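In this chain, numbering begins with 1 at the start of the sequence shown. Everything numeric here is computed off the predicted structure, so don't read it as measured data.
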Amino acid sequence: MSTLGIIALLTLLYWLYITFDVHKGIHLLHTLPKSTKLPDKPPLVSVIIAAKEEESTILETVRHLLSQNYPRLEIIAVNDRSQDATGVRLEELRKWSKHKTDIQTPLQIIHITSLPEGWLGKNHALYQGYQQARGQYLLFTDADIIFAPATISDAVTYMKEHDVQHLTLTPNMVARSTLLRGFVHFFLFSFSLFVRPWRANLDSAREPGIGIGAFNMVSRSAYEAIGTHKSIALRPDDDLQLGISLKRAGFRQKVLSGKHILQVEWYRSLKEAIIGLEKNLFSGFRYSYTIALLACLGQLIFFIFPWLGLIFLWDWRGAAYAVAVILQIWLYRKLMFRLMSKRGDEAFLLPISASLLLYTIVRSVWLTWKQGGINWRGTFYSLRELKKK
């Protein structure tokens, strides 16, 4: 059998296995149920937001949080060395909320002017927010998330009823163009196939864990037990690492779909998405060139080659690739619907999206190597420093 024939056969076997595995486990991924009744004594929840140069989104996020129907809530917004009007907007919002009789939620603003050595800016900001927080539950979220009014009530009720120490939710991801939507959704698709997020819902397993930056709600005791953000101080993928640490420590974790109550416009353009991802993709491979190379080969062989084989090969190898493409499209549409109630109509862009992600991975590795580190939110972190954590 030729080398190309072996690759075609392995690709088909890969997609058959992935399809079986996803079909077997995706039933574990549910949508966060609507709460019918809050606990008799609702715990205090501290919402902690890190914001750096977020003047265009932070106000809407905080306003939606101020409109939550949960009775015991405090919001701590951390302005992390912003050079734009983020801090000014937050202070204006704090003064406005103090004079609104229908808003009972305390809004605290922390302004950070310097970054200590050994910290990534966002992680340090979230840690500073934690130090001021009083809540039994901590909700770490991003500065561009839109919350439905019942989001926190639903989350707290679920955590109390199911004895969960860490709850993370997948948001509905909004994109302005078809190409951007295809790229962003493909990233989520390939990430899901790699991580299998629904496995985090298995109480019997310590691996893998997961955390999503849009919504990471954790009990204070569990957060402190894993060493807080100090233990992941230099991780650009802090949200994911928080979940992994909690799962490894044996805390009960659940990942659910929040498609009906959370919304985010992750990036506004394709260029912005590529630039944003190339800063931290390499960290997901633990800054290992070997793992990054394997990831690139995986994208090329399992996601791109099937489409090329479908077009150019007119024998059994082309037929094998055709089946692989059909399975790829079917899984993509199934996951998009499960996670975000999207029909996945942009599935025809899968080979283009895969090629763009491959390019982004290569760029991420090359730029990190060339610079000797990463530039993250205006601060440079050396590769040697990053590898320490």
Any donor-acceptor N or O pair under 3.5 Å, side chains [X], [Y]:
| X | Y | result |
| --- | --- | --- |
| Glu278 | Trp366 | no |
| Gln165 | Tyr223 | no |
| Gln131 | Tyr127 | yes |
| His166 | Asn216 | yes |
| His124 | Gln128 | yes |

Show me, pair by pair, the donor-acceptor contacts under 3.5 angstrom made by side chains of residues 111-121, not counting sequence neighbours?
residue: His111; atom: ND1; partner: Asn79; partner atom: ND2; Å: 3.1
residue: His111; atom: NE2; partner: Glu91; partner atom: OE2; Å: 2.8

Side chains of [X] and [Y]: does their closest heavy-atom pair fall under 4.5 Å?
| X | Y | value |
| --- | --- | --- |
| Tyr137 | Val218 | no |
| Phe191 | Leu240 | yes |
| Ser2 | Arg317 | yes |
| Leu357 | Leu281 | yes |
| Val47 | Glu74 | no |
| Leu262 | Asn172 | no |
| Ile210 | Gln253 | yes |
| Gln83 | Glu53 | yes |

Under 4.5 Å between side-chain heavy atoms, counting indirect links through other Ile/Leu/Val/Met/Phe/Trp/Tyr residues: same cluster for [X] and [Y] or not?
| X | Y | answer |
| --- | --- | --- |
| Met217 | Leu38 | yes |
| Ile326 | Leu308 | no |
| Phe312 | Ile352 | yes |
| Trp198 | Met336 | yes |
| Ile275 | Val264 | no |

Counting distance only, does the side-chain N/O of [X] pair as donor-acceptor with the main-chain N or O of [Y] below 3.5 Å?
| X | Y | answer |
| --- | --- | --- |
| Ser257 | Leu339 | yes |
| Asp142 | Ile49 | no |
| Arg220 | Ala133 | yes |
| His260 | Leu32 | yes |
| Thr141 | Phe215 | no |
| Asp238 | Ala233 | no |
| Gln263 | Ile145 | no |
| Ser364 | Lys279 | no |
| Asp144 | Ile58 | no |
| Thr151 | Phe147 | no |

Residues, nucleotides or ligands: over 12 heavy atoms within 6.0 Å of Trp316 CH2:
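Yes, enclosed.
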
Contacts under 3.5 angstrom, residues 8-19 side chains, donor-acceptor by atom type, not counting sequence neighbours:
residue: Thr11; atom: OG1; partner: Ile7; partner atom: O; Å: 2.7
residue: Trp15; atom: NE1; partner: Phe302; partner atom: O; Å: 2.7
residue: Thr19; atom: OG1; partner: Trp15; partner atom: O; Å: 2.6

Please test His185 against Leu349 for side chain to side chain contact (heavy atoms under 4.5 Å, CB included), starting from the C-alpha separation and ending with a verdict.
CA-CA 10 Å; His185 288 180; Leu349 289 172; over 6 Å; no

Using the side chain to side chain donor-acceptor pair (under 3.5 Å) rule, pick out the option among His229, Lys230, Glu224 that qualifies with Tyr130.
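For Tyr130, the side chain to side chain donor-acceptor pair (under 3.5 Å) check succeeds only for Glu224.
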
So Phe282 and Tyr289, would you call those rings parallel, tilted or perpendicular, with 30° and 60° as cut-offs?
tilted

From [X] atom [atom1] to [Y] atom [atom2], the distance as rounded to the nearest 0.5 Å:
| X | Y | atom1 | atom2 | answer |
| --- | --- | --- | --- | --- |
| Ile146 | His64 | CD1 | NE2 | 5.0 Å |
| Gln328 | Arg333 | CD | CZ | 13.5 Å |
| Leu242 | Ser231 | CG | OG | 8.0 Å |
| Gln299 | Ile361 | CD | CD1 | 5.0 Å |

Please find the pair of heavy atoms, one from [X] and one from [Y], that lie closest to each other, and give the distance.
| X | Y | answer |
| --- | --- | --- |
| Ala143 | Thr61 | O-OG1, 3.1 Å |
| Val362 | Cys296 | CG2-SG, 3.9 Å |
| Ile304 | Pro351 | CG1-O, 4.5 Å |
| Gly182 | Glu346 | CA-CG, 3.7 Å |
| Ser82 | Lys52 | OG-CA, 3.2 Å |
| Pro149 | Ser67 | CB-O, 4.0 Å |

Report the C-alpha distance between Phe380 and Gln371 in whole Å, list the side-chain angles of each, state the deciding distance to 0.1 Å, and finish with yes or no for side chain to side chain contact (heavy atoms under 4.5 Å, CB included).
CA-CA 9 Å; Phe380 179 78; Gln371 298 168 164; 4.1 Å; yes

Are Phe303 and Phe186 close enough that their ring centers fall under 6.0 Å?
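For Phe303 and Phe186, the ring centres are under 6.0 Å apart.
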
So that I know where these two stand, are Trp266 and Phe187 an aromatic pair - ring centroids less than 6.0 Å apart?
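Centroid distance Trp266-Phe187: below 6.0 Å, so yes.
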
Please test Lys254 against Asp203 for side chain to side chain contact (heavy atoms under 4.5 Å, CB included), starting from the C-alpha separation and ending with a verdict.
CA-CA 9 Å; Lys254 294 295 177 182; Asp203 295 334; 3.6 Å; yes

Would Lys259 count as a cation-pi partner of Phe337, with NZ or CZ less than 6.0 Å from the six-membered ring centre and within 45° of the ring normal?
yes

Pair Asp345 + Arg181, salt bridge at N-O below 4.0 Å:
no

Arg176 with Glu265: basic N within carboxylate O range, under 4.0 Å
yes

Going through the checks in order, is the side chain to side chain contact (heavy atoms under 4.5 Å, CB included) test met by Leu107 and Trp96?
CA-CA 10 Å; Leu107 174 58; Trp96 170 83; over 6 Å; no

Could you go through Arg89 and Asp84, starting from their C-alpha distance and side-chain angles, then the distance that decides it, and tell me whether this counts as salt bridge (charged side-chain N to carboxylate O under 4.0 Å, His left out)?
CA-CA 10 Å; Arg89 298 286 180 269; Asp84 64 2; over 6 Å; no

Using salt bridge (charged side-chain N to carboxylate O under 4.0 Å, His left out), reason through Asp40 and Lys160 one step at a time and then give a plain yes or no.
CA-CA 11 Å; Asp40 293 333; Lys160 295 296 267 184; over 6 Å; no

